[in-house]
Amino acid sequence: MPRSADIAAGLDDALVERMLEAARQARGRAHAPYSRFFVGAAALDEHGRIHGGCNVENAAYPLGGCAEALAIATLVMSGARQVRALLVVGDGPALVTPCGGCRQRLREFAGPDTPVIVASPAGVRARFTLEELLPQSFGPENLA
Ligand code: THU
């Protein structure tokens, strides 16, 4: 049964598969020599385009950036302004959900029903809405 947010995002199984592939490719470019934890992300914009990102660590540890942050920044740099869906791919037994900071980054460009899809390299593991991951959030409307 398709979710209403998926319909709004034009998100069907084939598109999720394309996002997964883009995130996997991005993950292959991760620069994670310190954590050895490689992450990829794919952000779907309002034009149906997919933007990838990987984590980029730094020898000065706090300067490292998340895959989601780069995918969102890449989407913005392309001229787009909406994230219609986000997929993140990482390995290990625990679900690799976006960190708190990236949930807030997403909040800037997405709505409460925006799908956030969590995957391992083998495939999709879980799905959330942004509202589920970041309830009662602060956002652009607060400053309007
Ligand atoms: N990381 C991400 O890129 N996205 C996530 O959702 C979780 C964590 C990165 C940050 C750091 O480079 C490494 O994974 C370990 O935390």
Side-chain angles (χ1 to χ4, degrees), residues 2-6 8-142:
R3 299 159 176 81
S4 59
D6 290 2
L11 202 61
D12 57 16
D13 287 352
L15 188 48
V16 170
E17 195 52 44
R18 281 177 52 214
M19 290 180 71
L20 178 60
E21 189 47 35
R24 272 201 212 103
Q25 277 192 24
R27 181 170 179 263
R29 297 192 175 154
H31 177 71
Y34 309 108
S35 72
R36 308 295 299 169
F37 193 74
F38 303 89
V39 185
L44 177 70
D45 74 16
E46 67 270 36
H47 310 294
R49 292 189 296 245
I50 296 170
H51 306 271
C54 59
N55 54 334
V56 182
E57 297 184 348
N58 193 285
Y61 290 176
L63 296 181
C66 287
E68 296 91 323
L70 183 54
I72 293 167
T74 303
L75 176 148
V76 170
M77 184 59 202
S78 79
R81 282 295 180 276
Q82 290 177 32
V83 178
R84 292 278 171 88
L86 184 108
L87 184 149
V88 54
V89 60
D91 215 350
L95 288 181
V96 180
T97 56
C99 77
C102 285
R103 295 176 193 198
Q104 187 67 40
R105 288 190 178 91
L106 194 52
R107 172 69 174 81
E108 189 71 16
F109 302 104
D113 294 334
T114 300
V116 178
I117 303 166
V118 177
S120 75
V124 171
R125 295 184 64 187
R127 305 174 61 129
F128 303 94
T129 64
L130 178 57
E131 174 74 17
E132 287 174 322
L133 296 181
L134 193 70
Q136 301 297 326
S137 62
F138 180 88
E141 305 78 19
N142 289 91

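In each ligand, atom 1 is the first atom listed, and ligand 1 is the first ligand listed. Counting from 1, the numbers follow the sequence of the chain as shown.
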Within a distance under 4.0 Å of any heavy atom of Thr97, pick out the atoms of ligand 1 and give their elements. 6 (O)
For Val39, take its heavy atoms, then give the atoms of ligand 1 lying under 4.0 Å from any of them. 1 (N), 2 (C), 3 (O), 4 (N), 9 (C), 14 (O)
What one should report as the nearest heavy-atom pair of Leu20 and Gly123 is CD2-CA, 3.8 Å
Side chain to side chain contact (heavy atoms under 4.5 Å, CB included) assessment of Leu70 paired with Cys54: CA-CA 7 Å; Leu70 183 54; Cys54 59; 4.3 Å; yes
Going by the atom numbers of ligand 1, which of them fall below 4.0 Å from some non-hydrogen atom of Ser35? 13 (C), 15 (C)
Could you check whether Arg103 and Ser137, counting side-chain N and O atoms only, form a donor-acceptor pair closer than 3.5 Å? no
Does some non-hydrogen atom of Pro98 fall short of 4.0 Å from ligand 1? yes
Hey, is Val56 one of the residues with a heavy atom under 4.0 angstrom from ligand 1? no
among protein heavy atoms, the one nearest atom 3 (O) of ligand 1 is Ala67 N, 2.9 Å
Flag Val88 as yes when one of its N or O atoms lies below 3.5 Å from any N or O atom of ligand 1, and as no otherwise. no
In terms of side-chain geometry, is the basic nitrogen of Glu141 or Arg107 positioned less than 4.0 Å from the acidic oxygen of its partner? yes
Inter-residue atom distance Glu57.CD - Asn55.CG, 0.5 Å rounding: 5.5 Å
Is any side-chain heavy atom of Leu86 closer than 4.5 Å to a side-chain heavy atom of Pro98? yes
Quick look: Cys66 vs ligand 1, heavy-atom contacts under 4.0 Å, and the answer is both
Starting from atom 9 (C) of ligand 1, what is the nearest protein heavy atom, named by residue and atom, and what distance separates them? Asn55 ND2, 3.5 Å
How long is the span from the CD1 atom in Ile117 to the CG atom in Leu87, to the nearest 0.5 Å? 5.0 Å
Which is closest to atom 4 (N) of ligand 1 in terms of heavy atoms, Glu57, His31, Arg36, Glu68? Glu68
Please check if any side-chain donor atom of His51 sits under 3.5 Å from a side-chain acceptor atom of Asp45, or the reverse. yes
Taking atom 16 (O) of ligand 1 as the reference point, the nearest protein heavy atom with its distance: Phe37 CD2, 4.7 Å
